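Okay, structure first, notes after.
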Amino acid sequence: KAGVTQTPRYLIKTRGQQVTLSCSPISGHRSVSWYQQTPGQGLQFLFEYFSETQRNKGNFPGRFSGRQFSNSRSEMNVSTLELGDSALYLCASSSYELNTEAFFGQGTRLTVV
Amino acid sequence: GESVGLHLPTLSVQEGDNSIINCAYSNSASDYFIWYKQESGKGPQFIIDIRSNMDKRQGQRVTVLLNKTVKHLSLQIAATQPGDSAVYFCAEKDAGGTSYGKLTFGQGTILTVHP
């Protein structure tokens, strides 16, 4: 079974731009969560999607948004990028029905310059 | 000004020793706890989990202990190997009905195993 796939792996953007990150969950998993990892704040929950609906949201500004498609693939978008948005963005998938643990992808390393 | 980074606890052991990594959690409502291992350049990898109705669970070379009274979790790694060198995170999940998959992570502990 393929694991969680995140694309792209690395990204460099300029302040003020926007960015879209993609996550393909493990086949059969319908729950996708996003986390931001920085040296200063550690791993912080961004949001979670299940069945194309946002079920939970962390304490991040409205510049951070996401969505989930009918095939459970998810995207997150960050608009008006700031230097502080530089981070490793991690996606995790799980099966709510089977109550599995969260499996993480390798992340997308975003650098804002 | 510059942001201050987290000062992660570090644990340095010799190959073959047993390692114990500790974690304090804050949410009394948490009912599910997980340990993750994160190697450089990779996402967190599941090691072992435990539910709040248990106080101990064993896996291959790893044991997790849960003390709900003092809200403390520990991960014991037996016969630690150089390949165990990584950052270890504990994570907790709230029992609340709307929490679904949201995990709250601890700050992490850096484990270094010397050959």
Side-chain angles (χ1 to χ4, degrees), chain A residues 3-6 9-10 23 25-26 29-51 53-59 68 72 74 82-109, chain B residues 1-10 23-27 29-53 57 59 62 64 75 86-110:
Chain A
V4 179
T5 304
Q6 291 188 246
R9 286 292 313 277
Y10 303 93
C23 172
I26 292 171
H29 286 189
R30 294 200 291 156
S31 177
V32 174
S33 301
W34 289 89
Y35 294 82
Q36 181 196 63
Q37 186 174 27
T38 61
Q41 300 297 323
L43 273 153
Q44 292 191 295
F45 174 78
L46 278 158
F47 26 64
E48 180 189 14
Y49 288 87
F50 176 76
S51 213
T53 302
Q54 187 180 92
R55 298 300 176 116
N56 219 331
K57 190 176 193 303
N59 188 25
Q68 186 180 34
S72 295
S74 177
E82 300 177 359
L83 296 178
D85 296 333
S86 295
L88 180 67
Y89 289 88
L90 292 158
C91 167
S93 82
S94 59
S95 171
Y96 180 67
E97 296 93 328
L98 298 177
N99 202 20
T100 66
E101 68 271 18
F103 294 86
F104 283 83
Q106 297 213 70
T108 294
R109 172 72 63 184
Chain B
E2 289 185 6
S3 62
V4 178
L6 289 172
H7 294 284
L8 300 188
T10 60
C23 176
Y25 65 93
S26 56
N27 187 355
S30 293
D31 72 336
Y32 178 53
F33 303 87
I34 312 172
W35 281 99
Y36 284 94
K37 170 187 180 183
Q38 187 175 25
E39 297 173 284
S40 182
K42 297 184 178 180
Q45 177 187 359
F46 172 86
I47 302 173
I48 191 168
D49 58 1
I50 188 168
R51 299 204 176 269
S52 59
N53 60 353
R57 190 163 188 224
V62 294
V64 55
L75 176 70
V87 181
Y88 289 79
F89 294 94
C90 64
E92 58 184 295
K93 182 176 170 184
D94 195 314
T98 60
S99 294
Y100 293 97
K102 176 184 176 182
L103 295 173
T104 301
F105 282 85
Q107 63 180 2
T109 295
I110 301 172

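Because the structure is a prediction, the values reported are computed rather than measured. So you know, we letter chains A, B, ... as the sequences are listed, proteins then strands, and number each from 1.
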Checklist outcome for this item: Smallest heavy-atom separation, B:G43 atom then A:L90 atom, equals CA-CD2, 3.8 Å
Checklist entry - Given that the side chain runs from C-beta out, which part of B:Q38 has a heavy atom under 4.5 Å from chain A: side chain, backbone, both or neither? => result side chain
Next on the checklist: Would you call the rings of A:F104 and B:F105 parallel, tilted or perpendicular, taking 30° and 60° as the class edges?
Outcome noted: perpendicular
Item to check | Residue list, salt bridge (Lys or Arg N to Asp or Glu O under 4.0 Å) with B:K42, at least two apart or on another chain | outcome: B:E39
Checklist outcome for this item: The side chain to side chain donor-acceptor pair (under 3.5 Å) partners of A:Q68 (sequence neighbours excluded) come to none
What part of [X] gets within 4.5 angstrom of chain B, counting heavy atoms only: side chain, backbone, both, or neither?
| X | value |
| --- | --- |
| A:F47 | neither |
| A:R109 | neither |
| A:Q37 | side chain |

Checklist entry - Side chains of B:L103 and A:S33: closer than 4.5 Å at any heavy-atom pair? => result no
Item to check | Atom CG of B:N53: over 12 foreign heavy atoms under 6.0 Å | outcome: yes
